[in-house]
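Residue numbers start from 1 in every chain, and the chains themselves are labelled A, B, ... in the order their sequence lines are given, proteins ahead of strands.
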There are 2 protein chains.
Amino acid sequence: MYKYEIIANEIRNKIKANEFKINEKLPDEKTLSNMFKCSRMTMKQAMDMLVSEGYIIKSRGIGTFVRPQYGPDNKNKRYSNHPNTFGFSSNFEGYDKKTEVKEFKVIEANEEIVDKLQLKRGEFVYSIKRVRFLNKKPIILEQIYMPIDKIVGLNKEVVENSLYDYIENSIKIKIYNADKIIRAKSANNDDINYLKIEEGDPIIEMEHVVYSQNNSPIEYAIIHYRGDSYELHFVTKKE
Amino acid sequence: MYKYEIIANEIRNKIKANEFKINEKLPDEKTLSNMFKCSRMTMKQAMDMLVSEGYIIKSRGIGTFVRPQYGPDNKNKRYSNHPNTFGFSSNFEGYDKKTEVKEFKVIEANEEIVDKLQLKRGEFVYSIKRVRFLNKKPIILEQIYMPIDKIVGLNKEVVENSLYDYIENSIKIKIYNADKIIRAKSANNDDINYLKIEEGDPIIEMEHVVYSQNNSPIEYAIIHYRGDSYELHFVTKKE
DNA sequence: TAGTGGTCTAGACCACAAC
DNA sequence: TTGTGGTCTAGACCACTAG
């Protein structure tokens with residue numbers, strides 16, 4: 001782990017633990033860089049990470065402040081996450097959550113999957129269908145495809161827990177970035193069936209391709225969020 | 001304009017003008033920083049900007065490449081943009097686009113608006129309703145609120161063209177960042193009326209609050225995109 | 001004017017990919 | 001081994017806010 005990640009983790013944890021309280025002003029970056037024994041550029045990188053995750057707000061000439069948190073149940077009884085933070089588990093730490101695996105098999109990649117995962121015709125992928133529950137309500141339906149030769153040793157137990165935890169900690173693949181596409185759709189049969197909603201109800205569809213550090217695609221997923229109970233939050237910075 | 005913005009603009013323009021072709025490898029960052037007479041950190045900042053806008057892909061150990069472009073009509077006849085790029089005009093440069101202003105008035109801010117724009121009770125805001133057309137089809141319905149004492153001198157002509165152009169170039173407010181929330185909803189009466197869709201059709205709702213450089217909110221907007229013709233693309237980088 | 005974050009430098013070393 | 005982007009430094013100066 002790099003220095004700026006370690007520093008960001010430390011500050012993030014202090015915010016989560018309420019040691020830095022909401023709207024509290026943090027020390028200025030020069031002071032912080034002395035505290036953490038790093039240069040100001042490194043300090044800035046750590047802080048910018050927290051800005052993009054929505055933990056803090058920086059204002060030139062004024063200072064840096066802990067930001068009121070998003071999170072489940074904050075707003076109109078909708079659940080929410082930052083698409084910048086990878087993974088369901090890390091977005092809903094500490095909440096009543098459950099995962100049900102509806103399908104776990106190996107299939108030959110179709111044209112769409114070949115294209116998204118940059119495979120060759122005839123290659124095989126894991127095909128995983130999971131439902132995510134929050135407070136016992138089914139909220140998210142995921143259809144995931146992963147190349148069998150990159151994500152080795154996958155099994156149902158892993159899939160019932162955190163895929164990203166497995167990828168990063170067990171098989172030591174580093175995630176680099178992701179392309180995401182968001183659409184609005186009407187519930188299809190799977191949505192009706194698994195998310196317990198009605199025909200025609202709106203859902204958020206997020207399609208994403210996640211890339212590892214060498215820019216090779218490791219996951220292609222189509223994720224459906226219940227429109228009535230989920231929203232995506234993010235922070236856009238004009239650079 | 002800062003150096004890294006100037007550099008990014010130059011490279012972006014070359015990509016747009018096809019001087020750097022799709023999938024072409026760009027010179028490495030050290031060479032580029034010599035070419036642009038800047039330090040490598042500055043070069044990196046310029047390039048990272050283009051990564052987050054989706055123009056290029058960087059791979060450690062390999063190099064930097066021009067990325068296949070998104071853009072209107074690329075995929076399933078849906079229009080698409082990067083929410084990281086501010087503004088309709090800059091996202092759809094060169095396309096057949098039109099804006100119809102359906103409402104332009106000044107109202108007293110209600111509780112929601114007071115909250116989002118950090119106003120006091122009784123303050124006034126511009127209330128603007130616009131429909132955006134692409135290739136003569138109504139695609140986007142916007143409801144915009146802006147505080148009258150920050151966005152001075154607004155008039156219907158400005159609103160018919162580019163608001164951001166006016167804000168940045170005429171009244172010289174620098175945009176800093178934005179909070180965005182994405183939801184899926186079913187078409188309401190306005191959507192049916194202005195976007196010419198049917199009751200129950202899905203739409204993407206994007207709510208955003210845009211902040212100027214001193215972190216004061218200058219725009220609160222609720223934007224509806226036709227679900228059948230629009231999608232949002234973005235690039236997420238794991239820092 | 002003092003305080004704060006933003007930009008920029010010139011260079012060092014590290015991590016990863018390809019040969 | 002070479003080429004590439006990523007991290008990190010120690011410090012300078014700039015831009016914006018507040019008193």
Side-chain angles (χ1 to χ4, degrees), chain A residues 1-9 11 24-52 56-67 118 150 168 172-177 211-216 218 237-239, chain B residues 1-9 11 24-52 55-67 150 168 172-177 211-216 218 237-239:
Chain A
M1 262 219 305
Y2 292 111
K3 204 171 202 176
Y4 73 92
E5 291 178 292
I6 295 168
I7 295 170
N9 285 347
I11 296 176
E24 181 178 336
K25 187 181 188 202
L26 299 179
D28 68 276
E29 291 193 350
K30 273 172 196 131
T31 306
L32 283 170
S33 63
N34 288 333
M35 282 166 61
F36 286 102
K37 297 188 202 320
C38 66
S39 71
R40 246 203 82 208
M41 289 299 276
T42 302
M43 199 62 227
K44 180 173 170 9
Q45 196 173 1
M47 299 303 268
D48 283 346
M49 195 170 165
L50 297 177
V51 168
S52 80
I56 59 176
I57 296 174
K58 301 206 284 185
S59 301
R60 191 195 311 220
I62 302 183
T64 300
F65 299 83
V66 179
R67 180 190 159 118
Q118 298 171 26
K150 283 179 193 145
E168 297 210 287
K172 308 276 184 202
I173 292 179
K174 276 201 176 178
I175 289 160
Y176 178 62
N177 66 3
Y211 299 87
S212 67
Q213 211 152 35
N214 61 342
N215 261 303
S216 77
I218 58 168
K237 197 181 163 211
K238 173 135 190 170
E239 279 174 297
Chain B
M1 262 219 302
Y2 291 112
K3 204 172 202 175
Y4 73 92
E5 291 179 292
I6 295 167
I7 295 170
N9 284 347
I11 296 176
E24 181 177 337
K25 187 179 189 208
L26 300 179
D28 68 277
E29 291 192 351
K30 273 171 196 130
T31 307
L32 283 169
S33 62
N34 288 333
M35 283 166 60
F36 286 102
K37 297 189 201 320
C38 66
S39 71
R40 245 203 83 209
M41 289 300 276
T42 302
M43 200 62 227
K44 180 173 169 8
Q45 196 173 2
M47 298 304 268
D48 283 345
M49 195 172 166
L50 297 176
V51 168
S52 79
Y55 284 99
I56 59 175
I57 296 174
K58 302 206 283 186
S59 301
R60 193 198 305 225
I62 302 182
T64 300
F65 299 83
V66 179
R67 181 192 157 114
K150 283 180 192 145
E168 297 208 287
K172 307 277 185 203
I173 292 180
K174 276 202 176 180
I175 289 160
Y176 178 62
N177 67 3
Y211 299 87
S212 67
Q213 211 151 35
N214 61 342
N215 260 303
S216 78
I218 56 167
K237 197 181 162 211
K238 174 137 191 170
E239 279 175 298

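- Within the 4.0 Å cut-off from OP1 or OP2 of dG5(D), not a single side-chain nitrogen or oxygen of K30(B) is found.
- In this structure, the side chains of K44(A) and K58(A) come closer than 4.5 Å at one or more pairs of heavy atoms.
- Two residues are said to be in side-chain contact when any heavy atoms from C-beta on lie closer than 4.5 Å; I11(B) and M47(B) meet this criterion.
- Atom CD1 of I62(A) is separated from atom C1' of dC16(D) by 9 Å (rounded to the nearest Å).
- In this structure, S59(B) does not reach the dA17(C) phosphate: none of its side-chain N or O atoms is under 4.0 Å from OP1 or OP2.
- Atom C1' of nucleotide dG5(D) and atom CZ of F65(B) are separated by 12 Å, given to the nearest angstrom.
- Rounding to the nearest 0.5 angstrom, the gap separating the CG atom in L32(A) from the OG1 atom in T42(A) is 12.5 Å.
- Atom pair K25(B):NZ and dA17(C):C1' shows a separation of 11 Å (rounding to whole Å applied).
- For T64(A), taking side-chain heavy atoms from C-beta onward, the closest of the listed nucleotides dT7(C), dG5(C), dG6(D) is dG5(C).
- The separation between Q45(B) atom CD and dC8(C) atom P is 6 Å, rounded to whole Å.
- Taken from CD in Q45(A) to NZ in K3(A), the straight-line distance is 12.0 Å, to the nearest 0.5 Å.
- Atom CD1 of I56(A) is separated from atom CG of D48(A) by 7.5 Å, given to the nearest 0.5 angstrom.
- Of all the heavy atoms in A8(B) and A46(B), the pair that sits closest is CB-O, 3.9 Å.
- Each of M43(A) and Y2(B) lies near DNA chain D, and the nucleotide nearest M43(A) is the one positioned closer to the 5' end.
- Listed nucleotides dA15(C), dC8(D), dC8(C) differ in distance to Y4(A); the shortest reach to its side chain belongs to dC8(D).
- In this structure, CG of L50(A) is placed 15 Å from C1' of dG5(C), rounded to the nearest angstrom.
- For the segment residues 32-39 of chain A, the set of residues with a heavy atom within less than 4.0 Å of an atom of DNA chain D comprises K37(A), C38(A), S39(A), in numerical order.
- Here the closest heavy-atom approach between residue K25(B) and residue G63(B) is recorded as CE-CA, 3.9 Å.
- The CD1 atom of I7(B) sits 11.0 Å away from the NZ atom of K37(B) when rounded to the nearest 0.5 Å.
- Atom C1' of nucleotide dT4(C) and atom CG of D48(A) are separated by 14 Å, given to the nearest angstrom.
- Checking the phosphate oxygens (OP1, OP2) of dG6(C), a side-chain nitrogen or oxygen of K58(A) falls inside 4.0 Å.
- Counting non-hydrogen atoms under 4.0 angstrom, K3(A) reaches the backbone sugars and phosphates but no base.
- Rounded to whole Å, atom P of dG11(C) lies 17 Å from atom CD of E29(B).
- In the interface, the side chain of R40(B) is paired with the base of dG6(D) through a donor and an acceptor atom under 3.5 Å apart.
- Using the Watson-Crick or G-U wobble rule with both distances under 3.5 Å, dG19(D) pairs with nothing in any strand shown.
- Atom-to-atom, CD of E5(A) to P of dC14(C) comes out at 17 Å; the value is rounded to the nearest Å.
- Considering only the side chain of T42(B), dC8(C) comes nearest among dC16(C), dG5(C), dC8(C).
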